[in-house]
Amino acid sequence: MTEGPAHPSTIAMLEAWKRMDCAGSEGLMSAGPGAVTGDEDALVGRLFVLQKQAGTAWSFRTAGEQIAATLGCPVPGRDFLDLWTGSDREMVRSLIMAVAAQGAPGLVRAQAESLSGRAVRVEIALAPLPGVANGNSRLLGHYQDLQPETETAREPVWRHALIGIVPPERRAPRPRLRLASRNGERV
């Protein structure tokens, strides 16, 4: 995921995810020190976990307090795709499916709008969570406003309009050795 600059908090979240992914079942703590942004409390308040439900729903399993404040309601159990309408919803669903299938993070850039029409640009990072024992697909997410808080009235947002998607990078398949023979001899 290299297209366009990401917010420093988004980068910190993705770096933490990389360490967690590398640590496997041992978890993030064994992965060693990482980048410190100086604003870890704000980062944690913007984290969420999505869980695949029956059908095509991806509901919030957990979410930080900043997300609930931004959306103006408690979010656990709410379908993440309900934040989007029309073709935007289908493109975000496709991104989620690609992130889950590729095992690599993706990024959504959007404009979030309040009921009064105020708009703020946001960046949403999604990355697959490894090692889920019960077989349900889960994604780690990070929701970041891209404008300083002084520019955005703290009105809850209710609709998101897609600006861009950065899909997960395709992981190259590992090369496999093949045994070849000619007339019964190994070559």
Please lay out, stage by stage, how Glu155 and Ser116 fare under the test side-chain contact (heavy atoms from CB on, under 4.5 Å).
CA-CA 8 Å; Glu155 291 180 87; Ser116 68; 2.8 Å; yes
Ignoring hydrogens and angles, tell me if any N or O in the side chain of [X] forms a donor-acceptor pair with the backbone of [Y] under 3.5 Å.
X      : Y      : answer
Asp145 : Val122 : no
Trp58  : Met97  : no
Glu113 : Trp158 : no

Scan side-chain atoms only and decide if [X] and [Y] contain a donor-acceptor pair under the 3.5 Å cut-off.
X     : Y      : value
Ser59 : Gln53  : yes
Thr10 : Gln144 : no
Gln51 : Ser137 : no

Using every non-hydrogen atom in the two residues, find where [X] and [Y] come nearest and quote the distance to one decimal.
X      : Y      : answer
Leu50  : Ile96  : CD1-CD1, 4.4 Å
Pro105 : Pro128 : N-CD, 4.3 Å
Ala125 : Leu14  : CB-CD2, 4.2 Å
Leu95  : Pro167 : CD1-CA, 3.8 Å
Ala104 : Val99  : O-CG1, 3.4 Å

Going from [atom1] on [X] to [atom2] on [Y], what distance comes out if it is rounded to the nearest 0.5 angstrom?
X      : Y      : atom1 : atom2 : result
Leu162 : Met91  : CG    : CE    : 5.0 Å
Gln66  : His142 : CD    : NE2   : 10.0 Å
Phe80  : Leu139 : CZ    : CG    : 9.0 Å
Ile124 : Leu126 : CD1   : CG    : 7.0 Å
Ile163 : Arg121 : CD1   : CZ    : 3.5 Å
Arg61  : Leu129 : CZ    : CG    : 10.0 Å

Taking the side chain as every heavy atom from C-beta outward, state whether His7 and Leu146 have any atom pair closer than 4.5 Å.
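Side-chain contact under 4.5 Å: yes.
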Pairwise side-chain contact, Leu115 with Arg159, heavy-atom cut-off 4.5 Å (strictly under)
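Side-chain contact under 4.5 Å: no.
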Between Tyr143 and Phe48, is the ring centre distance below 6.0 Å?
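No - the distance between ring centres of Tyr143 and Phe48 does not fall below the 6.0 Å cut-off.
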Name all pairs fulfilling the side chain to side chain donor-acceptor pair (under 3.5 Å) condition that reach into residues 88-98, sequence neighbours left out, sorted by first residue then second.
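Matches after skipping sequence neighbours: Thr56-Arg93, Asp82-Arg89, Glu90-Arg93.
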side-chain contact (heavy atoms from CB on, under 4.5 Å) evaluation trace for Leu47 with Met13
CA-CA 9 Å; Leu47 292 175; Met13 175 274 201; 3.8 Å; yes
Step-by-step side-chain contact (heavy atoms from CB on, under 4.5 Å) determination, Phe60 to Val49:
CA-CA 6 Å; Phe60 285 95; Val49 174; over 6 Å; no
Pair Leu83, Arg78 - check side-chain contact (heavy atoms from CB on, under 4.5 Å), show working.
CA-CA 9 Å; Leu83 299 175; Arg78 184 176 176 188; 3.6 Å; yes
Can you label the angle between the His160 ring and the Trp84 ring as parallel, tilted or perpendicular, going by 30° and 60°?
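Taking Trp84 first and then His160, their aromatic rings sit tilted (interplane angle of 30° to 60°).
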